[in-house]
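Notes for the one structure printed next.
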Amino acid sequence: MAIDALLPVGGELIMVVAGAIAAGAVAGHPQLLGHTLSHGAQTYFVLAIAGTLGYLVGSLAGWGIGRGVGRDVVDRHGHLVHLGPARLARAERWFDRWGDWAVFLGRLTPLVRSFISIPAGLFGEPLRRYTFLTLAGSAIWCFFFAGLGWALGSSYKNVDRVTHVIEALIVVAVLGLIAFVLRRRAISRT
């Protein structure tokens with residue numbers, strides 16, 4: 001979840017699986033400080049809180065990067081963390097339009113949530129307010145998706161099988177698109 005605060009790595013899926021683990025739909029028992037947790041509400045809360053805190057840690061690191069490196073460095077090297085000039089300009093407009101709400105709404109908006117940390121530090125969002133808004137938005141996100149996994153319960157494995165088929169179809173489609181583009185370029189060069 002800490003990585004998802006900076007780069008979109010599928011935090012939703014991580015939290016859905018956490019909820020399914022809490023419901024007992026996935027084998028294994030999580031541990032907390034050496035204590036094995038049984039399936040149930042206690043595990044749901046522990047995993048949702050762990051996701052929220054992990055996300056907060058990554059978000060604070062991103063805020064610190066934005067605050068510490070400054071605009072000129074982000075302009076030159078932001079593409080390394082998917083913050084090229086166009087995305088940075090979009091983030092600045094988002095902050096100008098929504099003010100403090102940019103952080104809270106950003107935490108609840110897919111994809112945006114992974115790109116709000118560095119700009120928040122860069123554009124001078126006060127740390128205390130940023131931390132509170134990030135914690136609130138991330139808690140809503142983590143508890144919601146863990147709750148979704150919990151609700152899936154025993155049908156989680158069926159849903160997981162279907163998503164693997166969908167993932168395979170997406171990979172085939174992407175590979176087909178790449179082949180099409182490469183073939184088209186090769187034809188246009190001749």
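Atom set for the values below is all heavy atoms of this structure, side chains included, hydrogens, waters and symmetry mates excluded.
- Side-chain atoms of Ser114 never come within 3.5 Å of backbone atoms of Ala5 as a donor-acceptor pair (strictly under, hydrogens ignored).
- Paired with Phe123 under the rule ring pair (Phe, Tyr, Trp, His ring centres under 6.0 Å), one option of Trp63, Phe95, Trp94 passes, and it is Phe95.
- Under the 4.5 Å side-chain heavy-atom criterion for ILVMFWY residues, a single connected hydrophobic cluster contains both Leu127 and Val69.
- Expressed to the nearest 0.5 Å, how far SG of Cys142 lies from CD of Glu12 amounts to 10.0 Å.
- In this structure, Phe104 has its ring center under 6.0 Å from that of Trp101.
- Considering only heavy atoms from C-beta on, Ile187 stays 4.5 Å or farther from Arg184 through its side chain.
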Please evaluate residues Leu53 and Met1 with respect to the criterion side-chain contact (heavy atoms from CB on, under 4.5 Å), reporting the C-alpha separation (whole Å), side-chain torsions for both, the decisive distance (0.1 Å), and the verdict.
CA-CA 8 Å; Leu53 293 177; Met1 291 304 294; over 6 Å; no

Test side-chain contact (heavy atoms from CB on, under 4.5 Å) applied to Ser117 and Arg107, step by step
CA-CA 9 Å; Ser117 300; Arg107 294 292 173 221; 2.9 Å; yes

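- Here the closest non-hydrogen pair linking Ala120 and Val103 is CB-CG2, 4.4 Å.
- Side-chain N/O atoms of Arg113 and Ser59 include no donor and acceptor closer than 3.5 Å.
- No donor-acceptor distance shorter than 3.5 angstrom exists from the side chain of Ser138 to the backbone of Leu135, with no hydrogens or angles considered.
- With sequence neighbours excluded, the residues that form a ring-ring contact (aromatic ring centres under 6.0 Å, His included) with Tyr44 are Phe143, Trp150.
- Between atom CG of residue Asp4 and atom CG of residue Leu13 there is a gap of 9.5 Å, rounded to the nearest 0.5 Å.
- If you chain together hydrophobic residues whose side chains sit under 4.5 Å apart, Leu182 and Val174 fall into the same group.
- By the rule that hydrophobic residues join a cluster once side-chain heavy atoms approach within less than 4.5 Å of another member, Val57 and Tyr130 end up as members of separate clusters.
- Looking at heavy atoms from C-beta onward, Pro85 lies out of side-chain contact with Asp75 at the 4.5 angstrom threshold.
- Summarising the geometry, atom CD1 belonging to Ile140 is positioned 12.0 Å from atom CZ belonging to Phe145; distances are rounded to the nearest 0.5 Å.
- Note that CD1 of Ile118 and CG of Leu6 are 5.5 Å apart. Values are rounded to the nearest 0.5 Å.
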In sequence, state the C-alpha distance, the side-chain angles, and the governing distance for Tyr55 and Thr134, and then conclude on side chain to side chain donor-acceptor pair (under 3.5 Å).
CA-CA 9 Å; Tyr55 200 88; Thr134 293; over 6 Å; no

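- Atom CG of Leu56 is separated from atom CD1 of Ile49 by 13.0 Å, given to the nearest 0.5 angstrom.
- By the 4.5 Å heavy-atom criterion applied to side chains, Val46 and Pro30 are not counted as neighbours.
- Between Glu125 and Leu133 there is a side-chain heavy-atom pair separated by less than 4.5 Å.
- Note on residues 83-93: pairs passing side chain to side chain donor-acceptor pair (under 3.5 Å), not counting sequence neighbours, are Arg71-Glu92.
- More than 12 non-hydrogen atoms from other residues, nucleotides or ligands lie less than 6.0 angstrom from CG of Leu37.
- A distance of 13.0 Å separates CZ of Arg67 from CG of Leu60, quoted to the nearest 0.5 Å.
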